[in-house]
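Numbers restart at 1 for each chain; the letters A, B, ... are given by sequence-line order, proteins then strands. Keep in mind it's a predicted model, so treat the numbers as computed, not measured.
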2 protein chains.
Amino acid sequence: MDSSPAANPPPAEMRRRPGGRSAQVRGAVLAAVRTLLVEHGYDALAVDTVADRAGVHRTTVYRRWRDVGGLLADALDEAADDGWRPPDTGTLHGDLHALNREVADALTADPSLSAALIAASFRSEQAARALRAFWDDRYERCAVVVHRAAARGEIPAGSDPRRLLVAATAPLYHELVLLRSPHDDRLARQAAGYATAAAREGAFV
Amino acid sequence: MDSSPAANPPPAEMRRRPGGRSAQVRGAVLAAVRTLLVEHGYDALAVDTVADRAGVHRTTVYRRWRDVGGLLADALDEAADDGWRPPDTGTLHGDLHALNREVADALTADPSLSAALIAASFRSEQAARALRAFWDDRYERCAVVVHRAAARGEIPAGSDPRRLLVAATAPLYHELVLLRSPHDDRLARQAAGYATAAAREGAFV
DNA sequence: TCCTTAAGGCGACAACTGTTGCGTTAAGAT
DNA sequence: ATCTTAACGCAACAGTTGTCGCCTTAAGGA
C-alpha cells in the first residue's frame, strides 16, 4: 500500500493502529458474535466459542473484551449508530403504540439481541453500561414524539419526555422480560393507552 | 381416593419422609442460602459454597436443587408464605405509593433477595418460575387495593387490577432493575401518580 | 531498511461447574 | 427386630472459565 513518507494523515478517527491486525481481529470477533447470536442464540455465546469461530486465540478475546458482556457491549455499540428514528403517526397514542410494537418485536425476536444484552447486563458491568447508554440514546431520540404531541396540544406543554416514555414502555418490559408473559399486541396497545391518558391529565409535568 | 386399609393419617402435608434426614438437610441448606445471601450477597451463592456452609455434600445439593436458581427458588417459596398484606391508606394513590416504596426498598436492600432472584431468573428456569409465581401471588393479594378504590368511587368499577398494578410498579422496576437508576422516592411517588391518573380516566376497564 | 513495541499466539495452570457409579445410612414399613 | 429403599456421602471424572508468563508477530516510525 501507499508508504509515502511525507503527508501521512491518519486515515480514520481511530487512533492506535487503525487498519492493522487489531482492527482485523476486532472485525472477525464481532462478526463471530453476530453470527453465533443469530445461529444459536445467547447460549452459544461463550468466549471460547467466539474465539474459535473468529479464528483467534482465547486469551486475545479475554484480554480485549474481558467476558461475554464485553463482546455484546461492543457489538451493540457498533449497531447503535444506525439512523433509527421514532415513529410519527400523527397522534401520541399512535406513536407510543408503534414504539411499543418495535420494543415487543425486538424482545421476542428469536435470538433477541436485546434479551441477550439484558441477561448479560446482570453478569457484566460492561454490558450493563452499554445497555444503559443504548437506552439513554433511544429515549433521547424519542423525546421528539412527546414534543410533537405537546405542540399539537394533545398534552400539556412541559411534560417530561423521559418519564412519559418510561411509563409507556415499562409495562411491556415488565411483562415480557421480568414476568415472561406470552407476547400479545394488546400489551403494547394498552400500555400506550394509559400512558397517553395519564399524559393528557398532566401527570408528567 | 385413599385406599389404605388401616386409617393412616399422614402427619403433615409433606409426603415422602417428612421429619427425617431429608428435611434436616433441606433446612440446613436453605439456612445456608439465607445466611450467605445476607452476608456476602448473590455472588457468594455458588452451589459449592452453600453445600460447604450447610455441612452437606456437593452432590446432594446438585441432585436436589440442580443449580443456584433452584436454591433461590426454594428459599423464595418458603419465604412467600408470610402473611403479607397490601397497604391500606385510604386512597388509591396512597396505597400505590406505599406499595412502590416497599418494592423500592426490596430492590435496593443491600443484598437484595429480589434482585438476586431476578438475576438468577435469567440463568435458571426454576428461578424464573418461582419468581413468576411469587409475583402472581403478590398481584393477587394486591387486587383488593383496586377493588377498594372502585368501591370508594375513585376509579370506574371493572378496572383490571393486574394491569393497573403492573402499570404502577413497572416503571419502578424498569428504572431500578433495567436502567439501574439511583434510587429516589420520587420514582415511587410519580409512578403511583400517573397510574392513579390513568385509572381515574378509565384506562384499565 | 531497520527498530521499537503494542498486540496476538501459545501452553500451562487453578478454580469452578456439573455428572456418574458405587457404597453407606437411616426412615419408615412389616 | 428386621427389611427395604430413598436419600446421602464419597471420589473420580470431564468440561468450562479465567489468568499468567513468555515468546512471536507485524504496524508504524526513524
Among the nucleotides D:dG21, D:dG18, C:dT19, which one has an atom lying closest to any side-chain atom of A:V47? D:dG18
Winner on side-chain proximity to B:T60, out of D:dC8, C:dT19, D:dT19, is D:dC8
Does the distance from a Lys or Arg side-chain N to an Asp or Glu carboxylate O, for [X] and [Y], drop under 4.0 Å?
{"X": "B:D95", "Y": "B:R148", "value": "yes"}
{"X": "B:R162", "Y": "A:E175", "value": "yes"}
{"X": "A:R34", "Y": "A:E78", "value": "yes"}
{"X": "B:R141", "Y": "B:D137", "value": "yes"}

What is the distance, to the nearest angstrom, from the [atom1] atom on [X] to the [atom2] atom on [N]?
{"X": "B:W65", "N": "D:dA7", "atom1": "CH2", "atom2": "P", "answer": "12 Å"}
{"X": "A:D43", "N": "C:dT17", "atom1": "CG", "atom2": "P", "answer": "18 Å"}
{"X": "A:D67", "N": "D:dT16", "atom1": "CG", "atom2": "C1'", "answer": "15 Å"}
{"X": "B:H57", "N": "C:dT19", "atom1": "NE2", "atom2": "P", "answer": "15 Å"}
{"X": "A:R58", "N": "C:dA12", "atom1": "CZ", "atom2": "C1'", "answer": "11 Å"}
{"X": "B:R66", "N": "C:dT17", "atom1": "CZ", "atom2": "C1'", "answer": "12 Å"}
{"X": "B:Q126", "N": "C:dG18", "atom1": "CD", "atom2": "C1'", "answer": "14 Å"}

Does B:D160 use its side chain to pair, donor to acceptor, with the backbone of B:F204 at less than 3.5 Å? no
Could you check A:T59 against B:T49 and say which one's nearest nucleotide on DNA chain C is further toward the 5' end?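 The residue closer to the strand's 5' end, by nearest nucleotide, is A:T59.
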If only side-chain N and O atoms of A:Y62 are considered, is one of them under 4.0 Å from the OP1 or OP2 phosphate oxygen of D:dT19? no
Kindly say if A:R64 contacts the phosphate of C:dG8, meaning a side-chain N or O under 4.0 Å from OP1 or OP2. yes
Donor-acceptor pair (no angle test) under 3.5 Å: B:R63 side chain, D:dG9 base: yes
Just call it for B:D48: base, sugar-phosphate, or nothing, with non-hydrogen atoms closer than 4.0 Å on any strand.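 It contacts base atoms.
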Applying a 4.0 Å non-hydrogen cut-off, can you work out what A:V56 is touching in the nucleic acid: base, sugar-phosphate, or nothing? sugar-phosphate
